[in-house]
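Single-structure report; data block below.
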Amino acid sequence: MPELPEVEVVRRGLQRGVVGRTVSAVEVRHPRAVRRHVAGAEDLAGLLLGRRVEDACRRGKYLWLPLDSGDALQAHLGMSGQLLVVPAATPVEAHLRVRLAFTDGGAELRFVDQRTFGGIAVVAGGAPPASIAHIAPDPLDPAFDEDAFVHALRRRRTGLKRALLDQRLISGIGNIYADEALWRAGLHYARATETVRRGEALRLLVAVRAVLGEALQAGGTSFDALYVDTEGVSGRFERALAVYGRRGQPCPRCGTPIRREAFMNRSAYSCPRCQPRPRRPHL
DNA sequence: AGTTCAACCTGAAAGC
DNA sequence: TGCTTTCAGGTTGAAC
């Protein structure tokens, strides 16, 4: 569920809540949450015990916490993952998968995940770790290369939204912000990437950055209690959404009812008037 | 090599 | 009131 703004809100919470602290205990309550750590739960615990958290980093939707051992604790929230920093006495959550305690006896770090699509692992450190080398820089990263993105996009043989969702091309964008950015840029989700002009691609990038930045300012988008920050607080960006989840409601720009179409086993929301279907769509 | 899609899960909401 | 179906913020590996 979480996309770049939501993950960045969590990163900031981890920066405040766990950086500088030393791990004193690790409890893995569900093996699926650590399946990316191939050596298993005990090995993961061994690599964490006694280690100090040095920093809180993010690329796209991936998080990692560099440790004083040179390794890093990597996390992905999947569709329903939460990283909570809560007092040790807090009752166990229904979907608590992993908990970490610290030597200062203060708040615990808890990984809670209803659907277990997310997970954590200890990986070799890096900026970013080699384990996420396939994830492209995200559009809020100073290292993001606009020219490289535009050229790579136009070399693709796919549809515009498929490309935005491909984390190897550009990272951090998911189903909500892809639809919102395409609406802001006035582009259809099935537009063939090879026909996108440079100016259109740059306009799309402006829209992507704007919507991600505004969502971050609002603390992210929370439709339900599944997305919350490290202190359990929901984001407020839902009310600012123009198209996502608004089937049949008026387009904020022209009043035309928003359409919802099946797309990649999920949904694509768009305005039929602001985002006309291209002559030769690539679905 | 590039592109697409089923599979991985739980639970809420809608449909009958 | 149930029972069934649909849908949900994502990624990956395998098939084409």
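Reminder, nothing fancy here: chain letters follow the sequence lines and each chain counts from 1.
- The side-chain tip of R59(A) does not point at the ring of W64(A) from less than 6.0 angstrom away and within 45° of straight on.
- Nucleic acid contact class of R97(A) (heavy atoms, under 4.0 Å, all strands): none.
- The side chain of H76(A) contributes an N or O atom lying less than 4.0 Å from OP1 or OP2 of dT11(C).
- Spacing between atom CZ of F263(A) and atom P of dT3(B) amounts to 14 Å, rounded to whole angstrom units.
- Note on R51(A) versus D68(A): salt bridge recorded, some NZ/NE/NH1/NH2 to OD/OE distance being below 4.0 Å.
- In a base pair of the Watson-Crick type (N1 to N3 plus N6-O4 or O6-N4) or a G-U wobble (N1-O2 and O6-N3), with each distance short of 3.5 Å, dG2(B) is matched with dC16(C).
- At the heavy-atom level, Y177(A) lies nowhere under 4.0 Å from the strands shown.
- Under a cutoff of 6.0 Å and an axis angle of 45°, R21(A) and F102(A) form a cation-pi pair.
- In this structure, R168(A) and N265(A) both approach DNA chain B, and ranking their closest nucleotides by distance from the 5' end singles out R168(A).
- For dT12(C), one of the phosphate oxygens OP1 or OP2 lies less than 4.0 angstrom from a side-chain nitrogen or oxygen of H134(A).
- dT10(B) and dG13(C) are spaced 23 Å apart, taking the C1' atom of each and rounding to whole Å.
- Under the stacking criterion of a centre-to-centre distance below 5.5 angstrom and an interplanar angle below 30°, F117(A) sits stacked against the six-membered ring of dC8(B).
- Nucleotide dA14(B) holds its C1' atom 13 Å from the CZ atom of R260(A), rounded to whole Å.
- For the P atom pair drawn from dG11(B) and dT11(C), the interatomic distance equals 22 Å after rounding to whole Å.
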Derivation and outcome, salt bridge (charged side-chain N to carboxylate O under 4.0 Å, His left out), residues K61(A) and E3(A): CA-CA 6 Å; K61(A) 304 169 194 171; E3(A) 305 181 36; 5.5 Å; no
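- Each of dG10(C), dT10(B), dC5(B) was ranked by its minimum atom distance to the side chain of Q114(A); first place goes to dT10(B).
- In this structure, CG of L169(A) is placed 12 Å from C1' of dG2(B), rounded to the nearest angstrom.
- The interatomic distance linking R266(A) (CZ) with dC8(B) (C1') rounds to 14 Å, in whole Å.
- Checking the phosphate oxygens (OP1, OP2) of dA8(C), a side-chain nitrogen or oxygen of S267(A) falls inside 4.0 Å.
- Regarding contacts with the backbone of dA8(C), every side-chain N or O of S80(A) stays at 4.0 angstrom or more from both OP1 and OP2.
- Comparing dC8(B), dT4(B), dG10(C) against the side chain of N175(A) picks out dG10(C) as the nearest.
- A straight line from CG of L160(A) to P of dT3(B) spans 14 Å, rounded to a whole angstrom.
- In this model, the phosphate group of dT12(C) is approached by a side-chain N or O of Y62(A) to a distance below 4.0 Å at OP1 or OP2.
- Of the candidate nucleotides dT4(B), dT3(B), dC9(B), dT3(B) has the atom lying nearest to any side-chain atom of R157(A).
- Nearest approach of D229(A) to E231(A), heavy atoms of both residues: OD1-N, 2.8 Å.
- At least one side-chain nitrogen or oxygen of Q167(A) sits closer than 4.0 Å to the OP1 or OP2 atom of dT11(C).
- Remark: P of dT11(C) and CG of D113(A) are 13 Å apart, rounded to the nearest angstrom.
- Electrostatic pairing of R12(A) and E8(A) counts as a salt bridge here, judged by a charged N lying under 4.0 Å from a carboxylate O.
- Between the CD atom of E93(A) and the C1' atom of dT10(B) there is a distance of 16 Å, given to the nearest Å.
- Listed pair R156(A) / dT3(B) meets the phosphate criterion, a side-chain N or O lying under 4.0 Å from OP1 or OP2.
- Distance, K161(A) NZ to dT4(B) C1': 16 Å, rounded to whole Å.
- Contact annotation: H282(A) side-chain N/O to dT3(B) OP1/OP2 distance is not under 4.0 Å.
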